[in-house]
Amino acid sequence: MTKNSSNIMALAPNTSNKRETVCIFGTGDFGRALGHKMIQAGYPVVFGSRSTQISSLIPKDAEVLSHAEAAQKAAIIIIAIQREHYNFLTPLAEILQGKVLVDVSNNLKINQYPESNAEYLAQLVPGAKVVKAFNTVSAWALQSGTLDASRQVFVCGDDMKAKQMVMDIVRALGLTPLDQGSLLAAQEIENYPLQLFPMWKFPVLLSLGLVAFFFFYCLIRDVIYPYVYENKDFSFFIAISIPNRICPILALTLLALVYLPGVLAAIIQLYRGTKYRRFPDWLDKWMLCRKQLGLVALAFASLHVLYTLVIPIRSFVRWRISSHIVSQALNNKTEPLDNTNAWLSDSYLALGILGFFLFVLLGITSLPSVSNNVNWREFRFVQSKLGYLTLILCTAHTLVYGGKWFLSPSAYRWCLPSAYMLSLIVPCIVLVVKFVLVFPCLDKPLTRIRQGWERKPQYSK
Amino acid sequence: MTKNSSNIMALAPNTSNKRETVCIFGTGDFGRALGHKMIQAGYPVVFGSRSTQISSLIPKDAEVLSHAEAAQKAAIIIIAIQREHYNFLTPLAEILQGKVLVDVSNNLKINQYPESNAEYLAQLVPGAKVVKAFNTVSAWALQSGTLDASRQVFVCGDDMKAKQMVMDIVRALGLTPLDQGSLLAAQEIENYPLQLFPMWKFPVLLSLGLVAFFFFYCLIRDVIYPYVYENKDFSFFIAISIPNRICPILALTLLALVYLPGVLAAIIQLYRGTKYRRFPDWLDKWMLCRKQLGLVALAFASLHVLYTLVIPIRSFVRWRISSHIVSQALNNKTEPLDNTNAWLSDSYLALGILGFFLFVLLGITSLPSVSNNVNWREFRFVQSKLGYLTLILCTAHTLVYGGKWFLSPSAYRWCLPSAYMLSLIVPCIVLVVKFVLVFPCLDKPLTRIRQGWERKPQYSK
Amino acid sequence: MTKNSSNIMALAPNTSNKRETVCIFGTGDFGRALGHKMIQAGYPVVFGSRSTQISSLIPKDAEVLSHAEAAQKAAIIIIAIQREHYNFLTPLAEILQGKVLVDVSNNLKINQYPESNAEYLAQLVPGAKVVKAFNTVSAWALQSGTLDASRQVFVCGDDMKAKQMVMDIVRALGLTPLDQGSLLAAQEIENYPLQLFPMWKFPVLLSLGLVAFFFFYCLIRDVIYPYVYENKDFSFFIAISIPNRICPILALTLLALVYLPGVLAAIIQLYRGTKYRRFPDWLDKWMLCRKQLGLVALAFASLHVLYTLVIPIRSFVRWRISSHIVSQALNNKTEPLDNTNAWLSDSYLALGILGFFLFVLLGITSLPSVSNNVNWREFRFVQSKLGYLTLILCTAHTLVYGGKWFLSPSAYRWCLPSAYMLSLIVPCIVLVVKFVLVFPCLDKPLTRIRQGWERKPQYSK
């Protein structure tokens with residue numbers, strides 16, 4: 001029942017080495033899109049369907065047969081139907097014997113079923129070789145060719161040869177197969193497209209919590225306190241002044257939290273005298289989301305920069321400056337240049353600029369395409385040496401910002417210190433401990449431990 | 001005639017499994033560069049040339065023979081000569097029988113010939129298996145090793161095995177082969193290196209047109225009008241003030257144009273009651289260049305940010321502020337703080353900062369290496385949810401900017417409203433329609449349509 | 001001695017087509033990490049060790065045998081031990097006959113030994129097929145799965161088939177193999193992980209030297225001179241004012257140095273009348289680090305932008321402006337708007353903004369993932385056309401900045417011209433020479449030379 005309009009003949013490559021026929025069960029969106037793409041790549045495609053009536057939506061070069069007939073024509077059968085309808089395959093078990101079944105299904109919820117769809121399929125048709133693949137690719141992206149989101153196709157399966165066949169098809173379609181191992185990985189692969197930035201969850205929740213805390217802290221100190229004591233309405237501080245206090249605090253704290261786990265790990269290793277024991281679970285998880293923590297910190301730092309740079313445009317600031325100048329002029333006095341002030345103001349700005357600049361550099365090197373082009377030594381140089389330099393510069397920026405008023409009692413309102421002072425706690429702890437760890441009496445044993453030496457050799461031979 | 005200086009022997013790998021000999025017809029720049037690279041990768045290379053006199057430019061390890069002799073030594077022959085000279089191959093047809101001919105040629109103009117060079121080659125030597133490859137790689141990049149521009153090599157051909165052989169060579173040279181299907185794709189592959197940002201053409205032309213329109217609009221309102229009525233020379237507004245009006249208008253309008261086609265598509269699907277009919281052609285094209293539209297919008301937004309941040313450094317602004325303060329001092333009056341103004345100014349700046357921040361986030365996630373690392377759900381979350389939030393923030397930024405003078409008649413000059421008001425038209429339409437589409441009475445049928453349901457089932461079975 | 005807890009059986013894929021066994025010599029960190037990863041990918045792994053006592057650190061699914069026993073079980077043996085201990089392999093020579101030995105070792109210093117470790121191994125066991133691989137991957141990255149730094153595995157070896165087998169394993173582990181040719185490349189591959197940004201060395205050293213020079217230059221002109229002649233203490237200029245002079249100077253000079261070698265190359269080609277002679281070595285090296293020069297220039301330009309934008313927030317600037325306004329008010333005079341000043345100030349800012357914007361565009365297109373997605377013509381358009389436009393805009397920005405005082409004698413202090421004037425030397429030379437080269441009388445022969453034409457044909461046939 002092959003169509004043979006001249007137009008279609010032109011499209012079919014007159015190959016001497018034809019690709020092997022692929023069978024697709026199911027004529028839904030995804031099955032059709034995949035079939036269309038495969039025909040483009042030179043595969044003869046045959047659809048298996050309940051009704052063999054030809055719909056105008058099915059790619060023109062494809063055959064449509066009954067499930068049993070279609071299955072007999074190909075070694076690879078793509079099961080593009082919902083898991084709920086898998087049991088229609090049971091009567092076909094004999095025909096499917098030895099065939100490669102590709103499970104492309106997705107669920108609606110994470111861990112919706114006790115076993116993955118692919119494993120369920122393998123149980124239903126024990127004689128077939130089940131391979132999980134293509135579930136991360138969207139039908140729309142296949143059709144439109146705009147594979148902006150992932151070109152990666154995760155593949156898993158127990159049969160090496162079957163997996164290889166599927167991976168060859170994936171490559172032929174211009175996608176990148178990633179072998180994830182045996183069919184046990186199917187659960188994870190099926191959960192993957194349902195995930196929404198799992199690595200970002202902790203950093204984002206943590207920073208939301210901190211934002212809420214510091215917002216109310218600043219609201220009390222900067223809006224409610226002057227309203228109560230001086231009856232001034234500074235409610236408009238909510239728009240820029242308070243965010244511009246919260247952002248640098250979060251940037252500095254989160255940046256310090258990137259380096260804290262490394263310092264803790266060093267202390268644990270020194271205390272235990274070995275590196276051959278797993279870190280506590282929370283430390284492991286913390287270490288794995290350091291990149292995300294750092295990028296959230298960078299986001300807050302960028303916002304801080306923007307909020308700071310618009311200061312001179314703010315109507316309130318312009319009013320404050322002009323009223324100050326007018327009062328000077330009316331009082332007939334000119335202020336001399338305060339050299340200490342000029343030094344403090346300039347050096348705190350300079351430290352902030354350099355810190356932010358290095359921070360952005362760190363962010364750029366964490367882009368996947370950049371970090372793929374550096375070797376391990378370079379990556380560690382940037383992320384560790386430059387990272388600590390950034391932390392030092394940003395901490396110094398905050399310390400100099402405090403300037404003369406730092407720790408002075410007049411800065412307290414209702415016993416609450418300025419918010420920026422709270423932001424210094426974690427970075428100062430990290431820097432002090434790191435400084436202590438650099439001393440030879442601690443650095444030497446730590447280096448030896450990391451090279452495999454043990455104080456009480458019990459784990460390694 | 002193999003050279004055998006000791007130095008060269010050291011370079012030749014003493015392999016037990018040698019790679020297969022490759023023949024190159026033509027000793028021009030590209031042929032030599034490719035030959036050099038192949039020798040490095042361990043391929044024995046033999047050049048076919050009119051004169052077998054050895055030039056000092058040909059890689060030292062290569063043999064140079066007559067065309068006929070060279071062709072007999074290899075299964076793969078790379079035709080590194082101009083299309084105009086292809087007819088010299090006709091007498092060699094017998095020797096080329098069954099060989100793999102690799103067409104690496106490019107043209108000077110898009111669609112220069114009725115058929116692609118590779119298809120022309122296939123017609124000339126019907127017994128050979130023609131594969132198109134390497135035309136996107138530059139000789140200079142091959143030689144210098146700086147393959148900054150594309151490492152991708154598009155490959156097409158009718159014979160699967162021949163194509164596979166060529167793709168293996170491509171991989172051995174450290175390049176990435178991309179199978180584009182049958183030889184019919186050769187035309188497109190030959191046009192590819194001649195293209196100059198084809199997807200960017202429409203967004204760039206559109207924005208150039210809008211820039212021209214708004215430039216004259218602002219010129220009339222802000223320079224000519226005050227010159228005519230107040231005899232003031234504000235011609236220097238052309239440098240910063242007018243660009244800083246045009247940039248935000250274009251950024252907002254283009255951002256709205258990114259989301260307009262999605263809204264139109266939803267209306268069309270609701271009206272038709274099915275998703276199984278193609279959208280009009282202009283809508284399809286529009287949807288495919290949304291990413292480019294968005295990035296052009298981001299460029300204008302970034303320029304707007306820079307233009308805005310330099311405002312306090314401008315000599316004109318400093319003069320205006322200082323003369324305002326001086327006149328206050330001379331008139332012996334101090335203005336009180338206008339709380340409403342402070343609120344308006346701060347909140348419009350804050351909305352702009354947040355909008356721009358999200359906009360940059362959108363831009364970063366559209367980097368190929370970032371979007372390759374997110375799954376489809378995450379990509380859609382960022383591009384759709386965050387995208388609409390950006391549009392809302394930027395529209396609110398513009399609305400608050402208008403502030404008290406919004407729609408007031410004094411803002412009209414020669415019946416022309418302020419330019420920023422024109423920029424609100426498209427975003428407001430998009431947001432209103434999107435808001436309406438979110439209502440359950442419309443959202444429910446739309447979701448069902450997108451899942452495949454049809455009001456009048458006529459297309460699917 | 002296979003472990004058979006039920007838990008482990010579940011993890012072992014019940015494959016019909018098992019992968020081939022891999023043997024690993026050495027149970028250190030790297031050997032264990034690699035073994036663990038291979039078991040995950042479905043390879044049966046057997047460790048060869050001096051003591052076959054099972055350590056709790058060795059992956060549970062792996063066997064541990066003596067070296068001789070382990071070697072007999074596999075065709076591929078990974079040598080995960082230090083080079084110093086390689087001689088223990090000599091007695092095993094007979095068993096290792098025909099096996100594939102994978103050298104994964106690294107050295108502590110660049111070119112530590114006269115021959116590479118892999119070549120040394122090949123000499124020790126002449127009957128084996130030695131392949132170099134995996135040395136760029138870190139044990140920690142393998143274990144934690146965070147392969148942020150390079151996924152690339154450089155592979156080299158004299159035996160094609162052995163290399164292919166190793167590259168298949170690399171791919172199965174989810175890494176990207178890159179074939180580097182014969183075993184002679186091993187030296188370079190072993191040096192690779194010890195390199196620290198080799199391409200960046202020259203640009204960074206050059207800019208550090210220039211920074212030091214211009215720092216003292218500005219220190220003398222802007223701090224010491226006023227201190228000596230006017231007894232004013234401007235030492236705080238060190239924090240912001242002087243860096244903000246150095247950064248634009250370096251940005252402009254380095255940007256011009258990106259385009260200078262291209263201009264020199266054109267002159268050399270015109271003079272020689274041929275392109276078939278190698279450029280002098282320094283020019284070749286210079287051309288290869290143009291990208292890095294450009295990115296360093298972009299870094300300085302970004303710092304210049306940040307330093308400039310904080311100007312209105314600086315305490316010194318606020319004091320200067322307010323004291324100027326107060327003195328105006330006290331003297332009862334108002335300055336009229338100086339239209340020329342307004343034009344100069346606005347246009348120099350506008351030129352700087354546009355120049356910086358294009359500069360950032362250039363930087364973005366040099367990101368590996370972006371430049372991989374453009375064709376050669378597009379890449380050259382961006383890097384050459386847009387690059388020169390950037391250089392022109394930035395040079396014009398500096399020229400207009402000088403404005404009325406440009407070349408006026410009052411700008412000299414101790415015979416030293418303003419620092420920005422020095423920064424104009426290189427860009428002006430580049431632009432003038434480039435302008436001359438665009439004339440048809442020079443452009444035509446140059447184009448012909450680049451297409452292969454020679455004035456005195458002596459090199460090509």
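Naming convention: chains lettered A, B, ... in sequence-line order (proteins, then strands); numbering from 1 in each chain.
- Heavy atoms closer than 4.5 Å to chain B are found nowhere in C/Arg278, neither backbone nor side chain.
- Looking only at distances, a side-chain donor or acceptor of C/Arg377 sits under 3.5 Å from a matching main-chain atom of B/Leu194.
- For the set C/Leu367, C/Ile321, C/Asn339, C/Ile311, the count of heavy-atom pairs under 4.5 angstrom toward chain B peaks at C/Asn339.
- Using a 4.5 Å cut-off between heavy atoms, B/Arg318 contacts chain C through its side chain alone, with no backbone atom that close.
- Residue B/Gln195 touches chain C through both its backbone and its side chain, counting heavy-atom pairs closer than 4.5 Å.
- For the pair C/Pro177 and B/Arg171, the minimum side-chain heavy-atom distance is 4.5 Å or more.
- Residues satisfying the side chain to side chain donor-acceptor pair (under 3.5 Å) criterion with C/Gln187, sequence neighbours excluded, are C/Asn111.
- At a 4.5 Å heavy-atom cutoff, the contact between B/Asp233 and chain C is made by backbone and side-chain atoms alike.
- Looking at B/Ser327, there are no atoms closer than 4.5 Å to chain C (heavy atoms on both sides), in backbone or side chain.
- Neither the backbone nor the side chain of C/Val310 comes within contact range of chain B; no heavy atoms are under 4.5 Å apart.
- Listed by first and then second residue, the ring pair (Phe, Tyr, Trp, His ring centres under 6.0 Å) pairs involving residues 327-358 of chain C are C/Tyr348-C/His397, C/Tyr348-C/Tyr401 (not counting sequence neighbours).
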Exercise. Run the side-chain contact (heavy atoms from CB on, under 4.5 Å) check on B/Leu306 and C/Val305 step by step: do they pass?
Worked result: CA-CA 9 Å; B/Leu306 284 173; C/Val305 168; 4.2 Å; yes
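- Only the side chain of C/Val317 has a heavy atom closer than 4.5 Å to any heavy atom of chain B.
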For this session: Kindly determine whether B/Phe316 and C/Asp338 satisfy side-chain contact (heavy atoms from CB on, under 4.5 Å), including the steps that lead there.
Result: CA-CA 8 Å; B/Phe316 166 67; C/Asp338 181 345; over 6 Å; no
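- Between B/Ser315 and C/Asp346, every side-chain heavy-atom pair lies at or beyond the 4.5 Å cut-off.
- Rounding to the nearest 0.5 angstrom, the gap separating the CD1 atom in C/Ile325 from the NE2 atom in B/His324 is 10.5 Å.
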